[in-house]
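Side-chain atoms are counted along with the backbone in the values below, which use heavy atoms only and exclude waters and symmetry mates.
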Amino acid sequence: MANEIFGPFHSKEDAIKKVSVLELKGLKAENITIFTNKENTAELEDRTDVDVENNAIEDDGKDSFIDKIKKVMLNSQYSGLNIHEKLVQLGVSDKQASMYVDAIESGEILVIADDELKMGNDPTSDTVTLEEEVIHRNS
């Protein structure tokens, strides 16, 4: 997997423009991920078709008051853990991931795209090459 990192961007508009450019270049939306903080998530999800990741802890509404307090405390204590691990899994070094997490938590936006998986690049093409045509005729 060949991931390219773009950003961090200081504005949502710049990140959205980058996603649009990547899609125009042939990358599928499913191969692009935006990493951002909780405040930017909803708008980026509404304005793009790509996966948007943040460090927010999900609340299913079934937790007790004490459980909710624990989640808030854990979220502030380990706020960078989730995105950090995902960045490392995508091939970012540990040091770079820490720098990106700090930027993301301060409101910047990171875009990561798998540049190998572009639309129309089917490795099992049905087209016959000239060499295959010559082999077929000589058989």
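Residues passing the side chain to side chain donor-acceptor pair (under 3.5 Å) test with Asp14 are Ser11, sequence neighbours excluded. For Lys12, the side chain to side chain donor-acceptor pair (under 3.5 Å) partners two or more places apart in sequence, or in a different chain, are Glu43. By the side chain to side chain donor-acceptor pair (under 3.5 Å) test, Asp46 pairs with no residue at all, sequence neighbours left out.
Counting heavy atoms from C-beta on, the side chains of Phe35 and Leu90 come closer than 4.5 Å. In this structure, Asn40 and Val52 have side chains that are not in contact, with every pair of non-hydrogen atoms separated by 4.5 Å or more. When side chains are defined from C-beta on, His84 counts as touching Asp94, because their heavy atoms get closer than 4.5 Å.
Here Ile16 contributes atom CD1 and Ile34 contributes atom CD1; the two are 7.0 Å apart, rounded to the nearest 0.5 Å. Here the straight-line distance linking atom CG of Leu110 with atom CD1 of Ile104 works out to 5.0 Å at 0.5 Å rounding. Here OG of Ser93 is found 7.5 Å from CE of Met99. Values are rounded to the nearest 0.5 Å. Interatomic distance, CD of Glu53 versus OG1 of Thr36, reported as 11.0 Å (0.5 Å rounding). Atom CG of residue Leu22 and atom OG1 of residue Thr48 lie 11.5 Å apart, to the nearest 0.5 angstrom. Put simply, OG on Ser98 and CD1 on Ile83 are 12.5 Å apart, with the number rounded to the nearest 0.5 Å.
Residues Val88 and Ala97 share a closest heavy-atom pair of CG2-CB, 3.9 Å. Of all non-hydrogen atoms in Leu27 and Asp114, the two that sit nearest each other are CD2-O, 3.6 Å. Taking both residues in full, the closest heavy atoms of Glu105 and Asn37 are given as O-ND2, 4.2 Å, listed atom of the first, atom of the second, then distance. Nearest heavy atom pair, residue Ala29 against residue Val50, reads O-CG1, 3.5 Å.
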